Amino acid sequence: MSDARPDPHPDRRRVVFVGGLDDGRRTVEVLLAHPGVDLVGVFVLDDEAGAGVSGFRTFDDLASPPVLRRIRRVRDHVDEIRALAPDVVFVVGFSQIIPQALLDVPPGGVIGFHSAVLPGRRGASPLIWAVVDGLTETGVTMFYMDAGIDTGDVIGTRSFPIAPDDYAADVLRKADDATIALLREHLDGVLDGTAPRISQEGPGRPESTYTRRRGPADGEIDWSKPAHEIVDLVRALAPPYPVAHTFGGDGVPILVERARAVPGLELPPPRYLSDDPMRKRVLCVVAHPDDEVLGVGGTLALHAEAGSDVTVLIMSEGEQEKLSETPRCATRRDCALAAAEEMGVARVLFHDFPDQRLESVPFIELIKAVEAAIDEHSPTVVYTHHGGDANTDHQVVFKAVYAALRPMTRLGATVERFLTFETPSSTDQAPQVGDYVFNPTTFVDVEPVWDRKVKALECYPTEMIGGRHPRSFSYIEALARVRAGHAGYLLAEAFVSVRERLGRPSPRASRP
């Protein structure tokens, strides 16, 4: 007499599950609880393959071998699935393409779920793109899978709202709930072959659209976009996804998990604009204290105002060789530091090379001094004297800076712009012929910071001379008005562009 008990559900359908994630786990729970299902196989990613999948979950508590099978690629297990003779295969929470050989196995079809209302938004990452695109509603579609990308006949759809404060995990939970609701609604019909089959094509059907696969670059925040679009990106990529990112001034990535736009909040206007052309790393190399203010003081103040890191390198103290009747300043360095504070300059570096005798210094020593500053501060913009100035120290400094910035060198290759400026009482006193002539090509509007330039000049009381002298306040303003006339401004500083290099730097290499 046989002890075998009769199967209480002789008409149960043999079912194989392929998938993962939370909705996959919940699907397996529904299948295990259904009296008409004989769950003969649960195929899930192994730990190594699942490590790169956002929201990967284990199924060890729901099934065990031989029913539970851990895989890397489903296409390598078609024969195993065929041997299980399934009537129906469910694919839930699984992003690999199901090969045609597997689609042909179960007579009741391969059933899939897509997190959008088909035929709209077929393709990859539909939930992420729904939030990024600012949708207020999306849904889930249960369908018979075919060889196309989300093109099979539809069994049913279920929509749900996306609230303004929903993050990725919230939307995923709603999608999971919609998936399980569809499964419960249509599982009996799938098992007995009476489930709906609605073609996605044909007259009166919505137009099909596709969303593309998301890549790491899609997670970078574009700060030029409207606030609500930035918030939508942050919401869409919040955990369990890899999180939206931006970069600090030193190129280090910053992850942004939460954000909200507050249109009514009163704050000071932005100090720094990401697209401000004046926001650069700046090095200004001059022969003597006061040269930096006379020639480029307004421009340095604009750079500082834009959030730039500005360094001034002064090669000589500039007192030793003054004419006997010229006033002297016992604290010339203090004057330079006070002027730097007025302009917003971050730091002033001093060298003690001999005043008005820089040509007596071995040229390589001057070059190395400039190279050391470039190497330490990594400027993207460099300013220095016009090479045709009457002052010999100015000429020598120009040559040293030019040599340090040769584009074939590692240091020179980092500099985007190299410009020379005019210095009242030197540039204008040179012969106005040939290479001595200062022919400006670039003009900077310094009217907004003119008061700061004047205050910086006042920090050098022994250098400013009245009357018709080129270092008088009236002359310097008159020169600024002439240069402004060349560019349609009211007050401007002028430059000769020695070299400009254009390219698309890596975000990781860019710093303000």
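As the structure is a prediction and not an experimental result, all values here were calculated from the model.
- Under the rule for a salt bridge (Lys or Arg N to Asp or Glu O under 4.0 Å), Asp47 has no partner lying at least two apart in sequence or in another chain.
- Applying the ring-ring contact (aromatic ring centres under 6.0 Å, His included) rule to pairs touching residues 401-421 yields His385-Phe421, sequence neighbours excluded.
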Using salt bridge (Lys or Arg N to Asp or Glu O under 4.0 Å), reason through Asp375 and Arg410 one step at a time and then give a plain yes or no. CA-CA 9 Å; Asp375 194 29; Arg410 174 181 61 86; 3.2 Å; yes
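- Of the charged side-chain nitrogens involved, none lies within less than 4.0 Å of a carboxylate oxygen, so that Asp192 and Arg13 do not count as a salt-bridged pair.
- By the salt bridge (Lys or Arg N to Asp or Glu O under 4.0 Å) test, Asp170 pairs with Arg173, sequence neighbours left out.
- Side-chain contact check for Gln200 and Arg122: at least one donor-acceptor pair (N or O, by modelled atom type) lies under 3.5 Å.
- The ring-ring contact (aromatic ring centres under 6.0 Å, His included) search around His245 returns Phe247, not counting sequence neighbours.
- Of the options Arg184, Arg158, Arg26, a salt bridge (Lys or Arg N to Asp or Glu O under 4.0 Å) to Asp177 is made by Arg26 and by none of the others.
- Under the 4.0 Å criterion applied to side-chain N and carboxylate O atoms, Glu416 and Arg501 are not assigned as salt-bridge partners.
- For the pairing with Lys453, the salt bridge (Lys or Arg N to Asp or Glu O under 4.0 Å) check across Glu447, Glu292, Glu342, Glu493 returns one residue only, Glu493.
- No side-chain donor-acceptor contact under 3.5 Å links Ser308 to the backbone of Ala304.
- In this structure, Tyr383 has its ring center under 6.0 Å from that of His303.
- The list of salt bridge (charged side-chain N to carboxylate O under 4.0 Å, His left out) pairs with a residue in residues 105-116, not counting sequence neighbours, is empty.
- The pair Asp23-Arg57 does not count as a salt bridge, with every side-chain nitrogen at least 4.0 angstrom from each carboxylate oxygen.
- Scanning for salt bridge (Lys or Arg N to Asp or Glu O under 4.0 Å) contacts around Arg82 gives Asp79, with sequence neighbours left out.
- Residues forming a side chain to side chain contact (heavy atoms under 4.5 Å, CB included) with Pro216 (at least two apart in sequence, or on another chain): none.
- A search for side chain to side chain contact (heavy atoms under 4.5 Å, CB included) contacts involving His77 returns Phe43, Ile71, Glu80, not counting sequence neighbours.
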Please set out all donor-acceptor pairs under 3.5 angstrom arising from side-chain atoms of residues 113-121, sequence neighbours excluded.
{"from": "His114", "atom 1": "ND1", "to": "Asp150", "atom 2": "OD2", "distance (Å)": "3.4"}
{"from": "His114", "atom 1": "NE2", "to": "Arg121", "atom 2": "O", "distance (Å)": "2.7"}
{"from": "Arg121", "atom 1": "NH1", "to": "Asp133", "atom 2": "OD2", "distance (Å)": "3.1"}
{"from": "Arg121", "atom 1": "NH2", "to": "Asp133", "atom 2": "OD2", "distance (Å)": "2.9"}

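- For Phe443, the ring-ring contact (aromatic ring centres under 6.0 Å, His included) test picks out His486, with sequence neighbours left out.
- Annotation: side chain to side chain contact (heavy atoms under 4.5 Å, CB included) contacts of Val231 (sequence neighbours excluded): Arg235, Ala259, Ala261.
- In terms of the side chain to side chain contact (heavy atoms under 4.5 Å, CB included) criterion, residue partners of Arg452 (sequence neighbours excluded) are, by chain and number, Ala301, Glu305, Val449.
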